[in-house]
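Read through the structure below, which is laid out as structure tokens, and then see the notes.
The shown structure was predicted, so the numbers you read here are calculated from the model rather than taken from an experiment. Residue numbering restarts at 1 for every chain, and letters A, B, ... go by the order of the sequence lines.
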Amino acid sequence: MQPDLFDKKAFQTDLIQWFKQNQRQLPWREDQDPYKVWVSEIMLQQTQVDTVIPYFKNFIDKFPTPTALAEADEQDVLKAWEGLGYYSRARNLHTAVKEVKEKYQGIVPEDRQQLSKLKGIGPYTLGAIMSIAYDQPEPAVDGNVMRVMSRVFRIDDDIAKQKTRRIFENLVREIISLEDPSSFNQGVMELGALICKPRNPQCQLCPVRAHCQAFQSNSQADYPVKSKQKKQKTLHYYVTILESQSGEFLIEKRPSAGLLAGLWQFPMIEQGEVDAQLLATFLEQTYKTKVLNTQKLESIKHIFTHLIWSIDVFHFKVADFSITESAQQLVSLADMKDYPFPVPHQKIIEQLNI
DNA sequence: AAGTCGGGGCT
DNA sequence: AGCCCAGACTT
């Protein structure tokens, strides 16, 4: 980049003026409450705005302050996060507000170092909170910012690589508005979401196209450069629904780490561990009960970012039995609403309700 | 540096 | 059927 060919002041003005006139009205933009900025930024990680809106409203309604969230049970926090995905975000946020309550009297710290040590606050979220909540000129580089800036300056570093983020952070430090860093950062992201989109960018509507190298060379489709991720592997499971004669269902809590940590599910058995023909016998031995009736339900395919679940679902009516571990519960269909389930298991519950 | 961690929307 | 999304953490 040749700085003398880039009119920084004009870029800032064009961007910020556009943002102030075209920004969407979003629930986390109603005030500058650092806690709300924080919650919104965590929810927005890898998640689209329209998906986040109802979750954000419900979450703030249930947990209006850091202290209120700190004092909540983890299960209730996960329940409020149910269906949003990346559940470690919720557990890390919960951990972090407990620290804010204990160490900072429930006030979200304004200090960069203190903020950055909180669980779940990485480079992007740190910059977002510092700039949006506290008006500090910190870069907040997300996928939008890398896409927009890669086009404006024709930067061809691979944005899938971790270290590339630092290149864009250094760039933003050079050009960020010191008068209104909040509108600058949000403006770049809003531009990325509404105009400078991954495919078919609306360059004719872009407020900064006069400053954009890709537009001038009609090469916007070549940016950003991003290497492909490799394909998911498919895992095959049986899900076994055990319904006792008294109408209760066996659910179990997933481990506190790893995939879908802390959520509840019907027992899952990897295919290959047990032959399908021997499933009933296996369950009778494992849960000390007697299978009275077996019914196969609709199979489920669930696609995660890095793997695929292919699930065959069986509904067993069994003789009454008792559970032995605290990570297991016998619950009625109606009581399942109090437990957080992963989406594929929510879909199974819907099947049971029909 | 690579892998793990969800789910939905869009083309 | 991929690709994308206001990424962070672990190994």
What integer distance in Å separates A/Leu78:CG from B/dG7:P? 12 Å

Reckon A/Arg254 touches a base, only the sugar-phosphate, or nothing at all at heavy-atom distances under 4.0 Å? nothing

Looking only at C/dA8, B/dA2, B/dG9, the nucleotide nearest the A/Gln45 side chain is C/dA8

Are A/Lys347 and A/Glu350 close enough for a salt bridge, meaning some N to O gap below 4.0 Å? no

A/Lys62: partners by salt bridge (charged side-chain N to carboxylate O under 4.0 Å, His left out), with sequence neighbours left out: none

Distance, rounded to the nearest Å, where A/Asp50 contributes CG and B/dG9 contributes P: 9 Å

Which residue lies more 5' along DNA chain C, comparing A/Arg29 with A/Gln162 via nearest heavy atoms: A/Arg29

Nearest-Å distance, NZ (A/Lys117) to C1' (C/dC9)? 18 Å

Does a side-chain N-to-carboxylate-O contact under 4.0 Å join A/Glu82 and A/Lys337? no

Report yes or no: do A/Asp157 and A/Thr164 form a side-chain donor-acceptor pair below 3.5 Å? no

Using a distance-only test with no angle check, is there a side-chain donor-acceptor pair under 3.5 angstrom linking A/Asp135 and A/Gln32? yes

Closer than 4.0 Å, any side-chain N/O of A/Thr125 to the OP1 or OP2 of C/dA8? yes

Between C/dA8 and B/dG8, how far apart are the P atoms? Round to whole Å, please. 22 Å

Test item: A/Met189 and A/Val145 side chains (from C-beta on) under 4.5 Å apart, heavy atoms: yes

Whole-Å distance separating the CH2 atom of A/Trp81 from the C1' atom of B/dG7: 13 Å

For nucleotides C/dA6 and B/dT4, find the distance between their P atoms and express it as a whole number of Å. 24 Å

Hey, what's the ring geometry for A/Trp309 with A/Tyr237, parallel, tilted or perpendicular (30° and 60° as the breaks)? perpendicular

Side-chain atoms of A/Val343 come closest, of B/dG6, C/dA6, B/dG8, to B/dG8

Tell whether A/Thr51 reaches the base of B/dG7 with its side chain through a donor-acceptor pair below 3.5 angstrom. no

Report the residue (A/Gln346 or A/Asn200) whose heavy-atom-nearest nucleotide on DNA chain B is the more 5′ of the two. A/Gln346

Please give, in whole Å, the distance from B/dT11 C1' to A/Gln202 CD? 14 Å

To the nearest 0.5 angstrom, please state how far the CG atom of A/Leu278 sits from the CG atom of A/Leu283. 11.0 Å

So, are A/Lys98 and A/Glu71 salt-bridged, with charged N and O less than 4.0 Å apart? no

Contact under 4.0 Å: A/Tyr86 side-chain N or O vs C/dC9 OP1/OP2: no

Would you call A/Arg91 and A/Glu74 a salt bridge, using N to O less than 4.0 angstrom? no

What is the nucleic acid contact for A/Ile42, judged by heavy atoms within less than 4.0 Å: base, sugar-phosphate only, or nothing? nothing

NA contact type, A/Trp309, heavy-atom cut-off 4.0 Å: base, sugar-phosphate, or nothing? nothing

Interatomic distance where CG belongs to A/Leu84 and P belongs to B/dG8 [whole Å]: 10 Å

On the nucleotide B/dC5, are OP1 or OP2 found under 4.0 Å from the side-chain N or O atoms that A/His306 carries? yes

Let me know the distance between CD1 of A/Ile159 and P of C/dA6, rounded to the nearest Å. 12 Å

Assess the pair A/Trp81 and A/Phe59: is the distance between their ring centroids shorter than 6.0 Å? yes

Using a cut-off of strictly less than 4.0 Å between a heavy atom of the residue and any atom of DNA chain C, enumerate the qualifying residues of residues 179-197 of chain A by number. A/Met189

Is A/Val49 touching bases, backbone alone, or none of the nucleic acid, heavy atoms closer than 4.0 Å? base

When the distance from NE2 of A/His345 to P of B/dG7 is rounded to whole Å, what number comes out? 10 Å

Is the distance from OP1 or OP2 of B/dG3 to the nearest side-chain N or O of A/Lys230 less than 4.0 Å? yes

Within the sub-3.5 Å range, which N or O atoms of nucleotides 1-4 of chain C have a protein N or O partner, and how far apart are they?
none

